[in-house]
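Notes to accompany the following structure.
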Amino acid sequence: MSNIHAAPARRRAAQGALGATTALVASAVGLTATAQTTAPSPKSTEVGSVVVTARKPGVTVLPETIQNTAQSINVVTEAVIRDQQAASLVDALKNVPGITLNSGEGGSHGDTVNLRGFPASDDFFLDGLRDTGFYTRDAFDVEAIEVYKGPASTLFGRGSTGGVINQVTKTPKLNDFATSAVTAGGDNETRVTADANYAFTPDAAFRLNAMGYNGGVVDRDFVNNRRWGLAPSVAFGIGQPTSLVLDYLHQEEDDIPDYGVPFVDGKPAPVPRDTYYGLPLDDRYQSRVDVATARFAHDFGDGISFTENARAGNYWFNSRETAPHFDPSGTIPPPTASTPLDTVGIYRDRPSVDGTVKTLMSESDLSYKFQSGLFDNTVTAGLDLDREDADLIRFANQISQIAPTPLLHPNPFEAFPGHQTMVTQRPDTHTDTVGLSLIDNLDIGEHWNVVAAVRYDQFHATLDEPITDKHFDHTDGITDPRIAVVYKLNPQASLYVSYGTSFDPSAENLSLSASNTALPPEKDRTLEAGAKAQVWNNRLSLTAAVFTTEMTNARITDPTNPSLQALAGNLKVNGFELDAQGHLTDKWEVLAGYTHLEGHSSGLAGTGVSVGAIQNMAPNAANLWTVYEFTRDFRVGAGVNYMDKRAADVADTNMVPSYVTLDGMVSYRINPKLTVQLNGYNLANKVYYTNSYDSSPIENHVVPGAGRTITISLLQRY
């Protein structure tokens, strides 16, 4: 409320991808050979230790380093998050090409993204366990963000068509420290974070992270984001054969949300960036998240180890938002190029949902590592148990009770009936999952690694709706295989090929209805080949991949019965990506990526439409973040993000324009304990658009990005 009255040809692409991958492999091998003949300086060795491919993934069942894991894995480190002062998970994900942002409607809120062209809203994980819930994930307790691209159901269960996003949280350490950061700027933005660690025995420690945030969005009047959070954790047996980590996350948010502007004649409405169609006196998105996790590990010796991760989560949210909408009766058609814009009226779409999602989950893994001749074998058997409950209350939409407002001059204080109070639905959805997995990781001599995995999931879902007296019950049993081969040219370079599958049940997003209750899961498969290398004295990691992902039975409206869905659609994405991360010199750090995606859908755009677009998929995307250390105390950073134009709808009628944004950073260490940092975002003040939503010609919107934003931060060590 603080600013509520503020001033207002696929083949050619595949061949190009293969050529790019081959070129990088050759380059990587050559650079690696050069690096091996150059004596590393002490400082080069020091910076080389931060190369991300040399670290192990946060998912414990992957025993190899990222360098030797047969999958594209992007890592956004804590250092990058700090240099960019990224406040949220979505802010940090702009460093990962292939991700686009969606907008919500009717209860789909919080972090919603597409990964490699496929929705990934249910594919967020926290320390390897599913992070179900509709909320804005803040980065205050994040040590690293790992993006595993391509189907990964053998590791994570349902979903993961395009991949998954795993947050690695900060854990207790065996050295005492305390830090804080205070940030101000932007549109009345204030952010405070603190991180304190205390080792109370030689192998046990306690850590506490805290955050408070309040700020508007530059050039988006009335929008406001407020949240605070605490994340205590305690660890016993650090570095010992037996260890236990207990952590807890509490976060609350109370935002005035942004549902942007409608599409007009296939483009975002030609209105100023600060045009706002909401009703800020009542619009709110509120959430309260409580997540408790226990991670136990024991090494029995003789190559046998056991891990147990268990979690209980409670995610409450309350959504009251207003989105632009054209005439819902259809009497007045949506505007076209010839429609005078000063005659266009916008209706206020006001869905409202209140609900709680509760989760209980357990992941148990027993591993046996043994050697036989030339073979080093690690076999892991896993048991996953997952129960999720979604108890929602849906209210009547007030769209017909509010007078239309002019497209060019919307009134944010127009009269409206107040809070929605008429309850229309009370869906109560329960899902139970039992997952059994077996992963065999086989090292053959010095050069070969083979991974074979299989997982079986039984996914049971029920929905009860007392108001409409509906009950649905459905069970799926699905088997997912995975096979991958890695060839290690030398310790610094490897090639790989992998094949994996995934599945998407009807109740994947905790929703079941008469239209889909009888449907089996959607099925997906991906074939990927790639190369990874560490070059220049192990200071820089290079990766490349070419892939094809296909969903062969996507859910579409049944052309013979519009009240039902059918598994008759098809989505296919071919692409390639290139990534570089590390140091070009002792003082010059870089994080860069490029992704090319070419895809099409069949049947999704409607009856008789054989080929359509893939919604919200950018054919090309690139990112660059680089930091140069002029002196030990003075550092300068710069960033560029490019997003190609993309179709907001499968019919390819509404397009989100392409854009390039420029960011910057200047950091100066005043003394060993105090650093001042200046960050700038969208320095060229580009008018661009991020999150999009498009369900029909009359119901769609796209959210403008923030204008030029400057912040200043004080980083303190104690």
Side-chain angles (χ1 to χ4, degrees), residues 1-4 6 76 78 80-94 101 109-112 124 126 131 133-143 145 167 169-170 178-196 208-232 248-258 280 283-291 315-319 321 663 665 675-682 690-691 703 705-707 709-716:
M1 295 291 289
S2 62
N3 69 337
I4 196 168
V76 184
E78 183 182 1
V80 171
I81 295 172
R82 182 176 59 250
D83 284 345
Q84 296 180 354
Q85 284 297 293
S88 69
L89 174 67
V90 167
D91 290 340
L93 286 177
K94 71 181 182 181
L101 307 181
H109 305 280
D111 299 325
T112 58
F124 291 99
L126 191 65
D131 185 26
F134 307 118
Y135 72 107
T136 300
R137 293 162 176 83
D138 197 282
F140 79 101
D141 190 38
V142 173
E143 184 175 283
I145 299 168
Q167 306 155 84
T169 60
K170 299 175 181 178
T179 64
S180 67
V182 179
T183 300
D187 187 353
N188 298 316
E189 177 181 345
T190 304
R191 178 176 174 84
V192 179
T193 60
D195 182 1
L208 176 65
N209 279 270
M211 170 275 301
Y213 178 80
N214 184 15
V217 177
V218 174
D219 291 341
R220 290 299 294 157
D221 291 348
F222 310 109
V223 179
N224 195 63
N225 299 304
R226 292 175 291 187
R227 57 184 180 266
W228 68 274
L230 291 172
Y248 182 78
L249 169 66
H250 178 85
Q251 182 183 306
E252 297 187 22
E253 66 180 315
D254 186 1
D255 302 340
I256 300 177
D258 191 355
D283 288 359
R284 290 294 180 276
Y285 185 74
Q286 301 167 309
S287 73
R288 184 173 59 248
V289 174
D290 293 280
V291 179
Y315 306 83
W316 171 83
F317 71 96
N318 178 35
S319 167
E321 77 278 346
D663 300 334
M665 180 273 289
T675 298
V676 60
Q677 183 170 309
L678 193 69
N679 284 85
Y681 312 93
N682 191 13
T690 56
N691 313 53
V703 180
T709 303
I710 306 296
T711 65
I712 186 169
S713 304
L714 293 177
L715 314 176
Q716 177 77 50

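Bear in mind the structure is a predicted one, so any value in this text is a computation, not a measurement.
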Between the side chain of [X] and the main-chain N/O of [Y], is any donor-acceptor distance below 3.5 Å?
X: Asn225; Y: Ile256; answer: no
X: Gln677; Y: Met665; answer: no
X: Asp255; Y: Arg226; answer: yes
X: Arg227; Y: Thr136; answer: no
X: Thr169; Y: Asp141; answer: no
X: Asn224; Y: Asn214; answer: no

Going by side-chain contact (heavy atoms from CB on, under 4.5 Å), Phe140 matches just one of Val192, Asn209, Asp195, Ile81. Which one?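 Running side-chain contact (heavy atoms from CB on, under 4.5 Å) over Val192, Asn209, Asp195, Ile81 with Phe140 returns exactly one hit, Asn209.
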
Nearest atoms (heavy-atom pairs only) where [X] meets [Y]:
X: Pro257; Y: Val223; result: O-CG2, 4.3 Å
X: Ala86; Y: Ala139; result: O-CB, 3.8 Å
X: Asp187; Y: Val217; result: OD2-O, 3.5 Å
X: Ala92; Y: Ile145; result: CB-CD1, 3.5 Å
X: Gly186; Y: Val218; result: C-CG2, 3.9 Å
X: Ile710; Y: Gly680; result: CD1-CA, 3.8 Å

Measuring from [X]:[atom1] to [Y]:[atom2], what's the distance to the nearest 0.5 Å?
X: Thr709; Y: Asn682; atom1: OG1; atom2: CG; answer: 7.0 Å
X: Arg288; Y: Asn318; atom1: CZ; atom2: CG; answer: 10.0 Å
X: Ile712; Y: Leu678; atom1: CD1; atom2: CG; answer: 6.0 Å
X: Leu126; Y: Leu89; atom1: CG; atom2: CG; answer: 10.0 Å
X: Glu143; Y: Lys170; atom1: CD; atom2: NZ; answer: 8.5 Å
X: Trp316; Y: Tyr135; atom1: CH2; atom2: OH; answer: 15.5 Å

Is a donor from one side chain sitting under 3.5 angstrom from an acceptor on the other, for Ser287 and Glu253?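 Side-chain D/A pair, Ser287 to Glu253: present.
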
[X] side chain near [Y] side chain, heavy-atom distance below 4.5 Å:
X: Asp91; Y: Gln84; result: no
X: Arg191; Y: Met211; result: yes
X: Arg284; Y: Asp254; result: yes
X: Asp290; Y: Tyr248; result: yes
X: Tyr213; Y: Thr193; result: no
X: Glu189; Y: Thr711; result: yes
X: Asp111; Y: Leu101; result: no

Please walk me through it: do Arg137 and Val142 pass side-chain contact (heavy atoms from CB on, under 4.5 Å)? CA-CA 10 Å; Arg137 293 162 176 83; Val142 173; over 6 Å; no

Ring pair (Phe, Tyr, Trp, His ring centres under 6.0 Å) partners of Trp228, counting only residues at least two apart: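 Once residues adjacent in sequence are excluded, the partners of Trp228 under the ring pair (Phe, Tyr, Trp, His ring centres under 6.0 Å) criterion are His250.
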
So Tyr285 and Phe317, side-chain contact (heavy atoms from CB on, under 4.5 Å) or not? Walk me through it. CA-CA 7 Å; Tyr285 185 74; Phe317 71 96; 3.3 Å; yes

